[in-house]
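Structure first, commentary second.
Just so you know, these numbers come straight off a predicted model, no measurement behind them.
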Amino acid sequence: MKLRSEHQPRACSAQPAPEAPENCRRAALFKRAEELLAKRMAGGDPLAHLLKGQLYYEEGLYEEALIQFEKIKDTDFQAMYQLGVMHYDGLGTKEDPEKGVEYMRKIVDSDSPKTRHLKFAAAYNLGRAYYEGCGVKQSTEEAERLWLIAADHGNPKASVKAQSTLGMLYSVSVLKDLKKAFFWHSEACGNGSLESQGALGVMYLCGQGVCQNTKAALECLREAAERGNIYAQGHLVEYFYKRKFYSTAAALAKRITETDDIDTLAKITDCLPASVAKGVAMAAFYLARCLQLGRGVQHDPAAAKKYYSKACLLDPGVASDLELAANLGRI
């Protein structure tokens, strides 16, 4: 389970970086924002360095962002938080997970009211470090403890990413508990998690941690698929195929398999790259099966071979499981 850092929550009083009129080009908008922030810095605005750092960070100019955050890290916890993420993930600097952990721990342990809106996200990131054993000694139990703090009983203002991650943790790890997994995916889904909405659909479909409910499953999977969840789309392909709606399965699978940039899609949807890859791999395998057997599409063994290969490259485990099912005559 390869995780991503939690985005920095905005403080209630935080102001967005200034913007130029919408009809300006992006480059002109960026330049205008820089100019306005320079004036605010000259006027002694205490937020100017943070906003300039955020502007650079969101534009992917990580080295410039790092400079701004470093200037105010001792007086601004939001800058400290961003530096923690950047050092942990190696953004604008070489990876230094120990320093990233140090900054996150300072926020989690701080009594300052200025850290209130950062604590849940910092606890999630610290949990990620323990889960990955990066910057600290690996401990799934400590990761669980920190994620439970970050999830805060399903509080929508807490870390929704922690809630979703707990759902995944209780699905696959040594702490496997499908009822807990269903609970946390339900909480995260209710708080807007697209990742958990797809996972809930699969749990309803397979009766994992909850009584099997095909109607609820399809509601979750279809809505998640419409919102861009590729994992949910892959499971819909499987659902249509197994019910012999071959044309529908093949058409959906064809659209999904046009996806090549897994990482970009993962960022856009805020889903794990592994989940996106799994969804595309499922779609590729079932499309290959349709092409091989002429189900819902014209028989095309050469194209089938190509899609089988794509499935294997994207997720060998998924491809192996589906190949076994095909050999046993289940699909």
Do NZ/NE/NH1/NH2 and the carboxylate oxygens of [X] and [Y] come within less than 4.0 Å?
X: E226; Y: R222; answer: no
X: K39; Y: E35; answer: no
X: K114; Y: D76; answer: no

Considering non-hydrogen atoms only, spot the tightest contact between [X] and [Y] and give its length.
X: L166; Y: A151; result: CD1-CB, 3.8 Å
X: H185; Y: S164; result: CE1-O, 3.5 Å
X: I256; Y: G279; result: CG2-O, 4.2 Å
X: L37; Y: K52; result: CD1-CA, 3.6 Å
X: S171; Y: A181; result: OG-CB, 3.3 Å
X: S110; Y: T115; result: OG-CG2, 3.6 Å

Test salt bridge (charged side-chain N to carboxylate O under 4.0 Å, His left out) applied to [X] - qualifying residues, sequence neighbours left out:
X: R116; value: none
X: E219; value: none
X: K119; value: none
X: E70; value: K73

[X] versus [Y]: any side-chain heavy-atom pair under 4.5 Å?
X: Y103; Y: L126; value: no
X: L29; Y: R32; value: no
X: H299; Y: P301; value: yes
X: F30; Y: E34; value: yes
X: L50; Y: Q68; value: no

[X] with [Y], same ILVMFWY side-chain cluster at under 4.5 Å:
X: V280; Y: Y241; result: yes
X: L178; Y: V202; result: no
X: L194; Y: I230; result: no

Legend entry - Sequence neighbours excluded - salt bridge (Lys or Arg N to Asp or Glu O under 4.0 Å) pairs with any residue from residues 304-325: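 Every pair satisfying salt bridge (Lys or Arg N to Asp or Glu O under 4.0 Å) with a residue in residues 304-325: D260-K310, K278-D315.
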Legend entry - Residue pairs passing the salt bridge (Lys or Arg N to Asp or Glu O under 4.0 Å) test where at least one lies in residues 175-198, sequence neighbours excluded: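 Salt bridge (Lys or Arg N to Asp or Glu O under 4.0 Å) check on residues 175-198 returns no pairs.
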Legend entry - Steps toward side-chain contact (heavy atoms from CB on, under 4.5 Å) verdict (K157, N155): CA-CA 5 Å; K157 294 183 179 180; N155 178 0; 3.5 Å; yes
Legend entry - ring pair (Phe, Tyr, Trp, His ring centres under 6.0 Å) partners of residues 209-235, not counting sequence neighbours, each pair once: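 Qualifying pairs: Y231-H235.
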Legend entry - Pairs touching residues 196-215 that satisfy ring pair (Phe, Tyr, Trp, His ring centres under 6.0 Å), sequence neighbours left out: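 Passing the test, one end in residues 196-215: F182-Y204.
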Inset, instruction - Go through the steps to decide whether Q212 and L205 satisfy the test side-chain contact (heavy atoms from CB on, under 4.5 Å), and finish with yes or no. - result: CA-CA 6 Å; Q212 188 174 29; L205 192 64; 5.6 Å; no
Just checking, is any N or O donor in the side chain of [X] or [Y] under 3.5 Å from an acceptor N or O on the other one?
X: Y88; Y: E98; value: no
X: Q138; Y: T140; value: yes
X: Q78; Y: Q54; value: no
X: N125; Y: Y81; value: yes

Nearest 0.5 angstrom please: [X] [atom1] to [Y] [atom2], how far?
X: Y246; Y: Y286; atom1: OH; atom2: OH; value: 10.5 Å
X: W184; Y: S193; atom1: CH2; atom2: OG; value: 12.5 Å
X: D45; Y: R40; atom1: CG; atom2: CZ; value: 4.5 Å
X: M41; Y: H49; atom1: CE; atom2: NE2; value: 3.5 Å
X: N229; Y: L236; atom1: CG; atom2: CG; value: 9.5 Å
X: L91; Y: L66; atom1: CG; atom2: CG; value: 9.5 Å

Legend entry - D111: partners by side chain to side chain contact (heavy atoms under 4.5 Å, CB included), with sequence neighbours left out: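 Checked D111 against side chain to side chain contact (heavy atoms under 4.5 Å, CB included); zero matches.
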Inset, instruction - Check whether more than 12 heavy atoms from other residues, nucleotides or ligands sit under 6.0 Å from atom CD of E258, and answer yes or no. - result: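 Check passes, neighbour count above 12.
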Inset, instruction - Hydrophobic side-chain clustering at under 4.5 Å (ILVMFWY, transitive links): who's grouped with I67? Put none if nobody. - result: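 Same cluster as I67: nobody, lone residue.
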Legend entry - Residues clustered with L287, ILVMFWY side-chain links under 4.5 angstrom: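 Other cluster members: L291, V297, Y307.
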Legend entry - Residue among F120, Y131, Y130, Y170 satisfying ring pair (Phe, Tyr, Trp, His ring centres under 6.0 Å) with W147: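 Only match with W147 under ring pair (Phe, Tyr, Trp, His ring centres under 6.0 Å): Y131.
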Inset, instruction - With sequence neighbours left out, write down each residue that passes ring-ring contact (aromatic ring centres under 6.0 Å, His included) with Y62, or none if nothing qualifies. - result: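 Only Y57 meet the ring-ring contact (aromatic ring centres under 6.0 Å, His included) criterion with Y62.
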